[in-house]
Amino acid sequence: MENILFSITERRAAITLNRPKSLNSLNAGMLAELKRAVQQTADSDARVLRIGGAGRGFCSGQDLSDPAIAGADGDLGAMLEEYYNPLMRQLLALPMPVVTSVGGVAAGAGVSLALAGDFMLMRGSASLVLAFSRIGLVPDAGSSWLLARALGVRRAQALAMRGATISSAQALAWGLAWAVCDDDDFDAAADALCAQLAEAPTKGLSYTKRVFARAAAHDFEAQLEVERKFQQRAGQTADYREGVDAFFAGRKPKFSGR
């Protein structure tokens, strides 16, 4: 692949956006490669996916000079439906934990990618830039939904309208970031988290993601039924049996992800 690096090692998938000269801005080629890599991850035996960026940025958003997108007859809605929305749907539907390691600026649609992770780790110097209003556009690629769920509608809307920059410290305080790391510790912390998640009960984590995805749209009684259904499925997994056996044997469980 020309625009990203992709590998699966020890059941850990890793995608690195690899256009460092443009702070990993998104063009049509990168978006197509991202979709292929995410699909290959879903079809593999990987138990965690890490997404990061090469160089000093995570992702600066859409490459406004990309002729494949800039020349789309001015219909940015069609551009979203062809390039961005399928990728974001893929990411949020992955049946495994997703870690986004934000080592530098994430702007525009790069914020959407960063927030698509179940765990977002940020370097201390990194930031999230809601750049859409700065050029007369609205948040897209799912960022309005992701931010509103995390921060509440009023705060998310105000930040978007101001074109705000959210520092790593503020992202941590608001619960957007899972952790903020010093430069020297950043990559090691992301690797350690991915290693831990790769040994976790993957099916149970997948069901947990699906339970919480439904929580905001349901009243209490409806959510109790969602929990019942997924708990029934979780109780039939090999990992549940291993967890119980390990508990009674007084040993550390060895989960298979099944």
Side-chain angles (χ1 to χ4, degrees), residues 1-9 12-42 46 48-72 76 78-92 94 98-117 119-132 134-135 137 139-143 146 163 165-168 171 177 181 183 186-187 190-191 194:
M1 298 187 185
E2 296 181 3
N3 300 283
I4 68 171
L5 305 175
F6 176 59
S7 64
I8 299 177
T9 306
R12 286 181 267 172
I15 295 173
T16 302
L17 312 181
N18 194 33
R19 300 184 68 213
K21 291 183 179 179
S22 65
L23 297 179
N24 303 312
S25 62
L26 297 157
N27 60 16
M30 178 183 280
L31 289 162
E33 291 175 15
L34 281 169
K35 285 190 285 186
R36 288 201 300 273
V38 173
Q39 187 59 54
Q40 289 176 30
T41 299
V48 63
L49 169 63
R50 176 183 174 182
I51 302 175
R56 60 189 180 88
F58 174 73
C59 176
S60 60
Q62 172 60 40
D63 181 352
L64 298 176
S65 68
D66 181 18
I69 293 177
L76 298 184
M79 177 268 291
L80 287 170
E81 192 55 37
E82 180 176 357
Y83 292 100
Y84 283 94
N85 295 354
L87 171 63
M88 295 302 295
R89 292 185 184 109
Q90 277 183 305
L91 281 171
L92 267 65
L94 276 176
V98 177
V99 175
T100 50
S101 51
V102 181
V105 66
V111 174
S112 303
L113 277 179
L115 295 177
F119 300 84
M120 181 171 69
L121 273 65
M122 298 183 72
R123 198 186 300 271
S125 58
S127 60
L128 308 176
V129 183
L130 303 178
F132 301 99
R134 300 182 185 185
I135 55 173
L137 296 179
D140 61 20
S143 59
L146 292 163
T165 295
I166 304 172
S167 68
S168 60
C181 307
D183 287 359
F186 178 69
D187 286 326
D191 287 341
C194 289

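Everything numeric here is computed off the predicted structure, so don't read it as measured data. FYI, side chains are in, hydrogens and waters are out, and symmetry mates aren't considered; it's all heavy atoms of this structure.
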Quick check for you: to the nearest 0.5 Å, what is the distance between Ser60 atom OG and Leu26 atom CG? 7.5 Å
Contact summary for Ile8 and Ala46, nearest pair of heavy atoms: CG2-CB, 4.3 Å
Residues that Leu92 engages under side-chain contact (heavy atoms from CB on, under 4.5 Å), provided they are two or more places apart: Met88, Ala116, Trp145, Leu146
Has Glu33 got a side-chain atom pairing as donor or acceptor with Ile4's backbone, closer than 3.5 angstrom? yes
Checking Arg89 now: which residues fulfil side-chain hydrogen bond (donor to acceptor under 3.5 Å, both in side chains) with it, not counting sequence neighbours? Glu81
Between Phe132 and Ser143, which heavy-atom pair has the shortest distance, and what is it? CE1-OG, 3.8 Å
Please enumerate all residues that pass side-chain contact (heavy atoms from CB on, under 4.5 Å) together with Ala54, with sequence neighbours excluded. Thr16, Asn18, Pro20, Asn24
Is the count of non-hydrogen atoms from other residues, nucleotides or ligands lying under 6.0 Å from Arg56 atom CZ greater than 12? no
Considering all heavy atoms, the nearest Ala177-Met122 contact: CB-SD, 3.9 Å
What pairs with Phe6 under ring pair (Phe, Tyr, Trp, His ring centres under 6.0 Å), at least two apart in sequence or on another chain? none
For residues Ser25 and Arg19, is any side-chain donor paired with an opposing acceptor at under 3.5 Å? yes
In the structure I gave you, are the side-chain heavy atoms of Ser125 and Asp183 within less than 4.5 Å of one another anywhere? yes
To check you understand the geometry: which heavy-atom pair defines the closest contact between Thr165 and Ser127, and what is its length? CG2-CB, 3.9 Å
Mind checking side-chain hydrogen bond (donor to acceptor under 3.5 Å, both in side chains) for Gln40 and listing every partner two or more places apart, or none if nothing turns up? none
By side-chain contact (heavy atoms from CB on, under 4.5 Å), which residues pair with Ala190, not counting sequence neighbours? Arg50, Ser101, Leu121
Would you say the side chain of Thr100 lies within less than 4.5 Å of the side chain of Leu113, judging by non-hydrogen atoms? no
Atom of Ala28, atom of Asp66 and distance for their closest heavy-atom approach: N-OD2, 2.8 Å
Can you tell if the side chain of Leu34 reaches within under 4.5 Å of the side chain of Leu91, non-hydrogen atoms only? no
Is any side-chain heavy atom of Ser112 closer than 4.5 Å to a side-chain heavy atom of Tyr84? no
Are the side chains of Leu128 and Met120 in touch, meaning some heavy atoms are under 4.5 Å apart? yes
